[in-house]
Amino acid sequence: MSNSPERYDPAAVESRWQQRWEDDRVFEVSEDPDREKYYLLEMFPYPSGRIHMGHVRNYSIGDVAARIKRMSGFNVLHPMGWDAFGMPAENAAIANNTHPAKWTYENIDYMTQQLKQLGFSYDWTREFATCDPSYYRWEQLVFLQMWEKGLVYRKRSLVNWCEDCQTVLANEQVVNGLCWRCNNEPEQKRLDGYFFKITDYAEELLEWIDKLDGWPERVLTMQRNWIGKSYGAEIHFPILERGGVIKVFTTRADTLFGASFMSLAPEHPLALELSQGSEQEQPVKDFIDRVRRQSLADRADEKLKEGVFTGAYCENPMTGLKMPVYVANFVLMDYGTGAVMAVPTHDQRDFEFATEYGLPLLEVIVGPEGPVGAENMPEAFVDYGTLVNSGKYDGMDSKEGMRAIAAELEERGLGSETVNYRLRDWGISRQRYWGAPIPMVHCDQCGLVPVKESDLPVELPLDATLPETGGSPLPGLDEWVNTSCPSCGEGAKRETDTMDTFVESSWYFDRYACPDYDQGPLDPERTDYWMAVDQYIGGIEHAVLHLLYSRFYTKVLRDLGQLKVDEPFINMLTQGMVIKDGAKMSKSKGNVVDPNDMVERYGADTVRLFMLFAAPPEKDLEWSDQGVEGASRFLQRLWRLGLAVADEAQGVEAYAGGAQLAGPLAQLHAKTHDTIKRVTADAVNAMQYNTAIARVMELVNAISLAQQDESLAGDKNREAVLREAVEAAVILISPMAPHIADELWRRLGHGNYLIDQPWPAYDESALVKDEKLVVVQVGGKVRSKLTMAADADDAALEAAALSDEKVQKFIDGKAIKKVIVVQGKLVNIVV
RNA sequence: GGGAGCGUGGUGGAACUGGUAUACACGCUGGCCUUAGGAGCCAGUGCCUUGCGCAUGGGGGUUCGAAUCCCCCCGCUCCCACCA
């Protein structure tokens with residue numbers, strides 16, 4: 001190759017094209033009923049301060065998909081914005097003596113520049129931050145509408161409370177049982193809070209999982225498990241003497257005849273109540289206090305089954321057995337009813353508990369080998385089987401027995417078949433400052449009153465000073481808190497809780513369709529056009545939280561008449577993590593590679609190309625400095641080749657058929673079209689960008705060889721075929737490395753942006769070759785390869801294979817049993 | 001304990017509905033060019049006992065033919081986890 005006079009200078013080329021794209025508003029889109037829309041979205045970032053490699057990977061993958069769809073003729077919506085409320089802003093504000101808003105908006109400015117330097121094809125006119133009142137005012141409106149429909153309620157529940165920080169901690173913020181900020185041990189506290197009734201949608205959320213066939217099975221499984229639907233029965237156990245019943249949920253109503261005691265969760269209201277006035281009152285109190293003092297993590301780790309007798313008894317509705325009621329540490333208040341009918345013979349936990357406390361064991365289910373006797377059981381028999389010691393149900397199969405027993409209970413008014421969900425309502429209250437205020441007012445006369453819609457937004461006051469102690473300043477802001485009651489007009493106080501930031505991220509994708517709409521949350525016309533998101537891309541860590549909340553919120557908006565879609569995301573790609581030295585990049589591990597450094601050193605195209613090439617999108621990606629070098633080398637190679645061909649083929653049109661090609665030029669032409677075909681299959685249809693890039697590399701290798709092939713000098717088709725091949729390579733790599741591609745495209749004499757260039761079609765006839773390679777196997781092992789005329793039939797292949805010299809060696813003197821010929825490409829001789 | 005997934009050269013990874021295992025790249029080796037090179041070019045690179053050889057974690061099976069399908073085992077990762 002001739003020495004290229006011009007070295008590739010990524011910094012100059014990239015900023016030049018970024019400027020042109022911006023000046024010409026290349027990525028701005030609007031609704032166009034005549035074109036098919038495609039909505040591509042990556043999970044928006046939290047403005048933490050700097051873009052990290054995980055962002056770069058996420059947005060590089062998305063950008064390739066967006067650019068390809070655009071080139072394929074779709075009207076592509078590809079927006080970007082900021083998930084801007086949240087605790088880090090509060091902590092940073094305290095640490096740096098600044099205000100969360102200032103910190104957040106400064107970060108947004110900086111990160112916006114970073115994203116622009118990476119050359120992503122966003123329509124920046126749609127950008128917004130969720131901390132802007134023009135965004136959260138509509139969230140408050142939806143909140144009020146949900147309140148009206150009964151989809152929001154307020155209740156008292158147990159939360160993790162850090163006394164030092166004066167705030168509630170989310171479960172994720174309790175690290176190793178300690179507060180993540182001050183390392184104090186949080187305590188359990190009862191607190192009032194608002195809840196979204198996601199459980200009302202449990203069934204629909206579950207049903208739709210089966211229809212989300214563009215989602216990874218892994219995510220769907222996690223959501224299914226999270227919703228946790230199980231079929232069973234609710235059974236009422238009458239409480240002796242006191243009256244009333246204890247309700248339990250069980251999936252094993254067939255074991256009811258074996259229930260010999262009752263276990264209550266320590267938080268169960270009956271736990272204290274039943275022991276009141278008895279000599280067990282104090283021991284029960286002590287036990288509950290002790291268990292409650294354990295952090296949630298410790299309690300989950302506790303393997304020892306412990307409990308205490310309440311002094312009360314209930315009655316087994318089938319056997320009439322007097323069952324002692326215990327409080328037990330392994331019973332969860334938030335699953336089922338918080339009470340468990342204990343069947344020690346057929347549940348391992350109950351078995352351990354009964355053994356410890358000397359409670360009766362009754363064998364009621366037997367396996368094929370028949371009864372073993374409860375006293376002989378080394379552990380619980382938990383399989384299904386045949387009922388024994390179960391009155392008229394003796395001899396019945398377990399599954400039949402469950403239904404029959406539930407039916408009898410229902411008849412007697414003591415229970416029924418039922419369905420239980422693990423899913424719990426979504427607690428959205430945060431005792432935090434940097435969030436969207438919950439638009440409610442507390443009035444001494446009227447109680448809890450929603451703010452009038454006309455008074456929205458309830459703006460978060462920005463003149464607050466965050467207390468050093470970490471609590472929210474809102475309750476102390478008298479002039480903000482004190483208001484008048486929307487109902488009676490008397491003095492009242494504002495709600496000082498703010499909303500969980502997951503509420504903002506549950507509908508931001510809708511708002512991108514109409515970010516400037518001021519008549520309501522969503523412009524029906526524009527959301528109808530753009531929604532749902534055709535392809536969503538983000539980390540697996542949101543498999544349940546954000547992706548489940550968004551699905552729920554979409555259905556709520558639909559039921560409020562704000563939206564017409566049932567599901568927000570048609571296709572979902574969960575990209576893998578960026579790993580270095582075997583661990584996820586993180587400050588604490590000290591293995592962070594800063595994107596800025598890499599972009600400065602190699603350019604954005606190189607960084608993007610490396611991240612796309614080094615692993616398939618859904619798998620984890622191991623960072624490799626040498627791999628980045630490799631990507632850089634490839635682009636430099638493409639650059640030199642592109643310039644050389646632009647020079648040599650100046651004024652020559654790209655080969656477009658017609659003239660007969662032979663030898664290496666015919667091969668290069670075929671390779672060009674084969675590459676288009678395969679890159680289309682990998683990148684357009686499968687998002688397999690790693691293999692798509694490998695194909696382009698192969699093509700570039702082939703072009704390089706042909707360009708240096710002296711035997712082609714003087715061939716009248718040389719320049720035309722080289723141009724065709726180089727232009728194909730440039731177009732095909734442009735979604736991954738858009739800057740260098742546009743620059744080369746310009747230098748090859750074109751005036752348009754590659755994003756406006758139609759995705760190339762391949763010519764099937766160019767792929768037809770005169771010859772084909774036939775693999776010859778003997779007994780399934782490859783023994784020879786034959787080059788045959790393309791039109792040779794199976795009989796000819798067989799004959800040629802049998803007479804092949806190398807094959808002869810292996811079949812010599814052996815009887816040929818069978819010859820298998822596979823569609824003109826393989827012959828297998830069985831001896 | 002329950003669920004999901006994975007295991008291919010020195011490394012990241014290819015291999016379409018079973019049909020040339022190891023594409024592409026990194027690394028390494030040798031050579032060329034160069035004042036120099038984190039530059040470029042060329043050649044080589046699964047393993048070995050070099051052959052009817054062996055090889056996709058191990059073992060078995062189905063098949064003319066298995067990385068791919070089935071069974072058992074080993075190892076790793078992720079999610080949920082005392083779920084009644």
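Note on naming: letters A, B, ... go to the chains in the order of the sequence lines (proteins, then strands), and numbering restarts at 1 for each one.
For residues 327-344 of chain A, the salt bridge (Lys or Arg N to Asp or Glu O under 4.0 Å) pairs, not counting sequence neighbours, are Asp334(A)-Arg424(A). Residue pairs meeting the salt bridge (Lys or Arg N to Asp or Glu O under 4.0 Å) criterion with at least one member in residues 336-347 of chain A, sequence neighbours excluded, are Asp347(A)-Arg349(A). Sorted by first then second residue, the side chain to side chain donor-acceptor pair (under 3.5 Å) pairs that include residues 611-624 of chain A, not counting sequence neighbours, are Trp623(A)-Asp625(A).
In RNA chain B, runs of at least 3 consecutive Watson-Crick or G-U pairs, each pair with both distances below 3.5 Å, span B:1-7 with B:74-80, B:10-12 with B:24-26, B:27-32 with B:40-45, B:57-61 with B:69-73.
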Please write out the pairs of protein N or O atoms and N or O atoms of nucleotides 61-65 of chain B separated by less than 3.5 Å, giving the distance to one decimal.
unit_1: C64(B); atom_1: O2'; unit_2: Asn828(A); atom_2: ND2; d: 3.2
unit_1: C64(B); atom_1: O2; unit_2: Asn828(A); atom_2: ND2; d: 2.4

Considering only nitrogen or oxygen atoms on both sides, find all protein atoms under 3.5 Å from nucleotides 16-18 of chain B and state each distance.
none

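Listed by chain and residue number, Glu698(A) satisfy the side chain to side chain donor-acceptor pair (under 3.5 Å) test with Lys671(A) (two or more places apart in sequence, or in another chain). Under the rule for a ring pair (Phe, Tyr, Trp, His ring centres under 6.0 Å), Tyr602(A) has no partner lying at least two apart in sequence or in another chain. A search for ring pair (Phe, Tyr, Trp, His ring centres under 6.0 Å) contacts involving His268(A) returns nothing, not counting sequence neighbours. Among residues two or more places apart in sequence or in another chain, the ring pair (Phe, Tyr, Trp, His ring centres under 6.0 Å) test is passed with Tyr549(A) by Trp426(A), Phe502(A). Listed by chain and residue number, His669(A) satisfy the ring pair (Phe, Tyr, Trp, His ring centres under 6.0 Å) test with His673(A) (two or more places apart in sequence, or in another chain).
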**Complete:** Each nucleotide of nucleotides 78-84 of chain B classed B (base within 4.0 Å of a protein heavy atom), S (only sugar-phosphate) or -, in 5' to 3' order, makes -SSSBBB
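If you take OH of Tyr689(A) and P of A14(B), they are 15 Å apart, rounded to a whole angstrom. When the P atom of C26(B) is taken as reference, atom CZ of Phe613(A) falls 8 Å away, rounded to whole Å. Rounded to whole angstrom, the span from the NZ atom of Lys619(A) across to the P atom of U77(B) amounts to 15 Å. Nucleotide G19(B) holds its P atom 18 Å from the CG atom of Asp794(A), rounded to whole Å. Rounded to an integer number of Å, the gap from Met611(A) CE to C24(B) P is 24 Å. Per the geometry, CD belonging to Gln636(A) stands 16 Å off P belonging to A25(B), to the nearest Å.
Remark: Asp674(A) engages Arg678(A) in a salt bridge, criterion side-chain N to carboxylate O under 4.0 Å.
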